[in-house]
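Letters A, B, ... are given to chains in the order of the sequence lines, protein chains preceding strands, and every chain is numbered from 1. As a basis for the values below, the full set of heavy atoms in this structure was taken, side chains included, without hydrogen atoms, waters or symmetry mates.
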Number of protein chains: 2
Amino acid sequence: MKRHDLTIGDVAERTGLATSAIRHYESEGLVHPYRNDAGQRRFARTDIRRLSFILIAQQLGFPLSDIRDQLAPLPQSRGPNKSDWARMSRRFGRVLDERIAQMQRLRDRLDGCIGCGCLSLETCALYNAEDRAAKRGAGPRFVIDDTVDD
Amino acid sequence: MKRHDLTIGDVAERTGLATSAIRHYESEGLVHPYRNDAGQRRFARTDIRRLSFILIAQQLGFPLSDIRDQLAPLPQSRGPNKSDWARMSRRFGRVLDERIAQMQRLRDRLDGCIGCGCLSLETCALYNAEDRAAKRGAGPRFVIDDTVDD
DNA sequence: ATAATTCTTCAAGTACACTTGAGGGCAAGA
DNA sequence: TCTTGCCCTCAAGTGTACTTGAAGAATTAT
């Protein structure tokens with residue numbers, strides 16, 4: 001049987017996060033430490049994994065609200081098991097694959113679009129269609145359009 | 001011979017950016033429109049491409065300061081030509097390739113690290129080493145470490 | 001037991017990337 | 001010409017993601 005009580009300092013040291021950041025994540029509902037009798041936070045070991053995930057997702061540009069949603073299906077702090085994490089990993093993996101594919105397309109377009117100097121609207125309307133329209137609901141986003149005349 | 005004068009409204013319509021955003025980019029030194037006699041901004045057609053590039057780079061998570069640096073080698077607003085853009089595109093393409101590779105590694109690690117449930121520190125120390133150490137200068141970032149005990 | 005360290009809350013501050021609003025000037029169509 | 005619409009600046013506000021600081025309580029080390 002293992003100890004299940006890490007202080008915020010322990011967790012900070014093991015994740016590299018500032019304690020203030022961890023408190024902030026709690027206030028935003030991304031972690032749910034329990035409190036000891038004196039009201040101090042105590043973290044389960046699994047919370048380190050949770051925080052690590054937050055760190056990764058953050059780095060990939062996901063806002064905390066999205067990360068909270070991704071983490072939501074995991075049992076509240078105590079006892080998410082292997083299959084919980086595996087399920088969640090599969091979901092997130094798909095999101096990541098999308099991102100990678102999107103970035104790849106963007107990279108290709110950079111070659112074919114800025115690189116060659118043609119910069120046709122049609123080509124870049126694709127970028128527009130899939131990358132921005134979904135995000136901002138509407139509003140035309142004609143990107144990289146600029147007929148070269150120099 | 002083509003007209004070389006677009007108002008901020010024209011540019012906003014063609015890029016999908018808000019005029020306030022474009023003014024902000026100017027104040028941050030990312031675009032350099034000239035002014036007419038009355039002090040109104042006038043943009044060259046090539047500025048649309050410039051702004052489109054800003055939009056893309058932004059979406060990829062680059063801060064405006066980085067984008068300014070990337071754009072810096074381009075001639076100031078008037079007359080960056082095909083080879084200017086091509087050079088710049090090659091540079092940015094390399095940055096993008098790095099990002100893609102990084103994300104790919106992360107995705108693989110998600111499989112092998114969260115996915116399987118083993119979550120070994122050694123595996124994730126890799127993530128740590130290449131993705132965070134570089135960024136934050138120092139400070140240990142032990143990520144995803146959490147021996148499963150449930 | 002005492003002292004040092006770590007923890008607590010809460011309010012305010014910071015950085016980035018803008019948006020909004022006030023007050024006023026310029027431009028193009030009827 | 002007039003009036004509608006777009007443009008200007010500047011200050012202040014917004015949202016996200018935190019950090020910093022003050023005042024004090026709990027924990028740990030000696």
### Task
Provide, to the nearest angstrom, the distance between the CZ atom belonging to A:R23 and the P atom belonging to D:dT20.
13 Å
### Task
Identify whether any heavy atom of B:E28 sits under 4.0 Å from a base atom; if not, whether one sits that close to sugar-phosphate; answer base, sugar-phosphate or nothing.
nothing
### Query
Is B:N36 touching bases, backbone alone, or none of the nucleic acid, heavy atoms closer than 4.0 Å?
sugar-phosphate
#### Entry: Candidates C:dT8, C:dC26, D:dC7 - which lies nearest the side chain of A:Q40
C:dT8
### Message
Can you classify the ring geometry of A:F92 versus A:F62 as parallel (below 30°), tilted (30 to 60°) or perpendicular (above 60°)?
### Response
tilted
### Query
Hey, are the side chains of B:L60 and B:V95 touching, using non-hydrogen atoms and a 4.5 Å cut-off?
no
#### Entry: Heavy-atom side-chain proximity of A:R99 to B:R99 below 4.5 angstrom
no
### Task
Rounded to the nearest angstrom, tell me the gap between atom CZ in A:F43 and atom P in C:dT6.
16 Å
#### Entry: Proximity to the side chain of B:A38 - top-ranked nucleotide from C:dA27, D:dA17, D:dT19
C:dA27
### Query
Is A:Y25 near enough to D:dA17 that one of its side-chain N or O atoms lies under 4.0 angstrom from OP1 or OP2?
no
### Per A:Q58 side chain, nearest of listed nucleotides C:dA17, D:dC18, D:dC7
D:dC18
### Query
For A:R35 and C:dT8, what is the distance between atoms CZ and P respectively, to the nearest whole Å?
6 Å
### Query
When the distance from CZ of B:F62 to P of C:dC16 is rounded to whole Å, what number comes out?
17 Å
### Query
Heavy atoms under 4.0 Å, any strand shown: does B:T7 hit a base, just sugar-phosphate, or nothing?
sugar-phosphate
### Short side-chain to backbone donor-acceptor contact, B:D10 and B:T7, under 3.5 Å
yes
### Task
Take the protein atom CZ of A:R68 and the nucleotide atom C1' of D:dA17, then report the distance between them rounded to whole Å.
13 Å
### Query
What does B:R41 touch in the nucleic acid at a heavy-atom separation under 4.0 angstrom: a base, only the sugar-phosphate, or nothing?
sugar-phosphate
